Number of protein chains: 2
Amino acid sequence: MIIAGATAYFSEVGLEGNTRELSKRLGVTQSLIFNYFNTKTDLIEAVYRAVYLDRISPDWPALIGDRSRSIHDRTLTFYREYTHAIFSYEWMRIFMFSGLAGAELNRRYLEFVSGLLLRPLMEEVCLAAPGPEKPEMEDIWNLHGGIVYIGIRRYIYQVPCPEDSGPEIRAAVGRFLSAFDIPCQD
Amino acid sequence: MIIAGATAYFSEVGLEGNTRELSKRLGVTQSLIFNYFNTKTDLIEAVYRAVYLDRISPDWPALIGDRSRSIHDRTLTFYREYTHAIFSYEWMRIFMFSGLAGAELNRRYLEFVSGLLLRPLMEEVCLAAPGPEKPEMEDIWNLHGGIVYIGIRRYIYQVPCPEDSGPEIRAAVGRFLSAFDIPCQD
DNA sequence: ACCATAATAGATCATTTGATCAATAAAGAA
DNA sequence: TTCTTTATTGATCAAATGATCTATTATGGT
């Protein structure tokens, strides 16, 4: 309950939010928090773990590599599931706060995304591309960034944004793959 | 000098950085800061203004609307100049910190980008697109996000990144416009 | 019912931090 | 020089904040 409350509170005000305000929101005393967490840093680490863990599906590498499905279908499915997992007020903001703070978990997460999701995706797109035009990692990062930026606008900057990002994700994936002469089926 | 130092300091540690550490970096006493700024909030506002101002070129709307040049040339030139202006450690991080804090200036900036840069850009792409396929605002935001995300990786997440983003910007613009049947000249 | 353990509260400490104020040093005009 | 104004410092206040410690209350097993 403390971790859940801390996640909600810190995602709102940042990791420098104070434990007294947090305890007030939780309806408990401030000292209770320190009964379960030795330091505030420990609490933040717990929030990191709670937010980062179980957000990554272990099925994604297999999905990306599943050549029985078209690359368009795989890419679109992956980004639908990926954005479904990370497009939340709490995840996006905790991720950005921890990224700005230079958290280790943040960098490890991005290494995972790069090495086990985006690089395989790039290789699959390379294989599926019929012509000489093949994507490099930076191209995949560009696709990725364009999609993730929807969540940044929505939850970080909190500017008006369509609530359903599905159509734009489909359009972005379609544009990206067609640049490598991969047709968008259906 | 205080504003410059505060910009460097706050962009590194966030807007909650304390005035004592700042004064130490500046080589002055802490009380001196409060001689020039009534409150810390005033100082932060001054940092905002210093960072945001003079980063937007007044020539961009004219550049985007200059139909004597190809849309590809205009889009590419705009994003080269735009990223040249905002891709800096200080700007990217102050912008993100202030965005997370919900700063008013942040929202006004995004309204400016949307209304006076991206919407005109969208209209120009619509005019240049020969086929029935026309971009909407979300498509332009996708192009924009993919490019800005390079700076986010570089300065926010601080992950390995090519130092020259020029080639990827060219590639991204090329892919985007060709999706609307606009050929990439040269 | 009894007892050991866990949960929770309240008071408090020590540090940090924004802000103030009086005093001193520097600068520049007359 | 002299005087006024500005720049700068050092000491200090008051509030906020992470953390601690003791006492009290609840819980569950026997």
Side-chain angles (χ1 to χ4, degrees), chain A residues 1-53 89-91 93-106, chain B residues 1-53 89-91 93-106:
Chain A
M1 191 195 74
I2 292 176
I3 294 175
T7 304
Y9 175 57
F10 289 145
S11 68
E12 193 179 322
V13 305
L15 303 170
E16 307 82 8
N18 58 303
T19 54
R20 276 179 179 78
E21 175 65 25
L22 169 59
S23 69
K24 201 181 290 178
R25 291 197 186 196
L26 288 167
V28 298
T29 54
Q30 182 231 5
S31 55
L32 186 68
I33 295 170
F34 286 94
N35 188 265
Y36 293 96
F37 301 94
N38 286 326
T39 65
K40 191 190 162 188
T41 307
D42 285 1
L43 174 59
I44 291 174
E45 294 284 334
V47 168
Y48 282 172
R49 273 192 290 278
V51 168
Y52 281 60
L53 255 57
Y89 183 87
E90 298 190 346
W91 195 94
R93 292 177 68 91
I94 293 281
F95 188 81
M96 197 56 80
F97 278 123
S98 65
L100 282 161
E104 185 56 33
L105 207 55
N106 206 280
Chain B
M1 192 196 73
I2 292 176
I3 294 175
T7 304
Y9 175 58
F10 288 145
S11 68
E12 194 179 321
V13 306
L15 304 170
E16 306 84 9
N18 58 303
T19 54
R20 276 178 179 79
E21 174 66 24
L22 169 60
S23 69
K24 200 181 291 177
R25 291 197 186 195
L26 287 167
V28 298
T29 53
Q30 183 231 5
S31 53
L32 186 67
I33 294 170
F34 286 94
N35 188 264
Y36 293 95
F37 301 93
N38 286 325
T39 64
K40 192 190 162 189
T41 307
D42 285 0
L43 174 59
I44 291 175
E45 294 284 333
V47 168
Y48 282 172
R49 273 191 291 277
V51 169
Y52 282 60
L53 254 58
Y89 183 88
E90 298 189 347
W91 195 94
R93 291 177 68 93
I94 294 281
F95 188 81
M96 198 56 80
F97 279 123
S98 66
L100 281 161
E104 185 56 32
L105 208 54
N106 206 280

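For clarity, every value in this text was computed on a predicted model and none was experimentally measured. For the numbers below, each heavy atom of this structure counts, side chains included, while hydrogens, waters and symmetry mates do not. Just so we're on the same page: letters track the sequence lines, and every chain starts at 1.
Comparing A:R20 and A:T29, the nucleotide of DNA chain C nearest to each residue sits closer to the 5' end for A:T29.
When rounded to the nearest whole Å, the span between CG of A:N35 and P of C:dA11 equals 18 Å. Look at CG on B:D42: it is 11 Å from P on C:dT20, rounded to the nearest Å. Straight-line distance from the CD atom of B:Q30 to the P atom of D:dT12: 15 Å, rounded to whole Å. At whole-Å resolution of the value, CZ in B:F34 and C1' in D:dA11 are 15 Å apart. Atom CG in A:L32 sits about 14 Å away from atom C1' in D:dT24, given to the nearest Å. Per the geometry, CG belonging to B:L22 stands 12 Å off P belonging to C:dT17, to the nearest Å. The CD-P distance, from B:E45 to C:dG18, rounds to 16 Å in whole Å. For B:E16 and D:dA16, the CD to C1' distance is 15 Å, given to the nearest whole Å.
In this structure a side-chain-to-backbone donor-acceptor pair under 3.5 Å is present from B:R93 to A:L100. No donor-acceptor pair under 3.5 Å is formed between the side chain of A:K40 and the backbone N or O of A:N18.
Note: A:L32 CG to A:N35 CG = 6.0 Å, rounded to the nearest 0.5 Å. Here the OG1-CG distance, from A:T19 to A:L43, works out to 9.0 Å after rounding to the nearest 0.5 Å.
Note on B:Y36: a side-chain N or O is less than 4.0 Å away from OP1 or OP2 of D:dT8. For D:dA16, the OP1/OP2 oxygens have no side-chain nitrogen or oxygen of A:N18 closer than 4.0 Å.
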Give the intermediate values and the outcome of side-chain hydrogen bond (donor to acceptor under 3.5 Å, both in side chains) for residues A:N106 and A:Y48.
CA-CA 9 Å; A:N106 206 280; A:Y48 282 172; over 6 Å; no
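Across all strands shown, B:F37 has no heavy atoms under 4.0 Å from either base or sugar-phosphate atoms.
The nucleotide whose nearest atom lies closest to any side-chain atom of B:T19 is, among D:dG10, D:dA19, C:dG18, C:dG18. For A:S31, whose side chain is taken as the heavy atoms from C-beta onward, the closest listed nucleotide among C:dA9, C:dG18, C:dT20 is C:dA9. Out of D:dA19, C:dA19, C:dG18, the shortest distance to the side chain of A:K40 is found at D:dA19.
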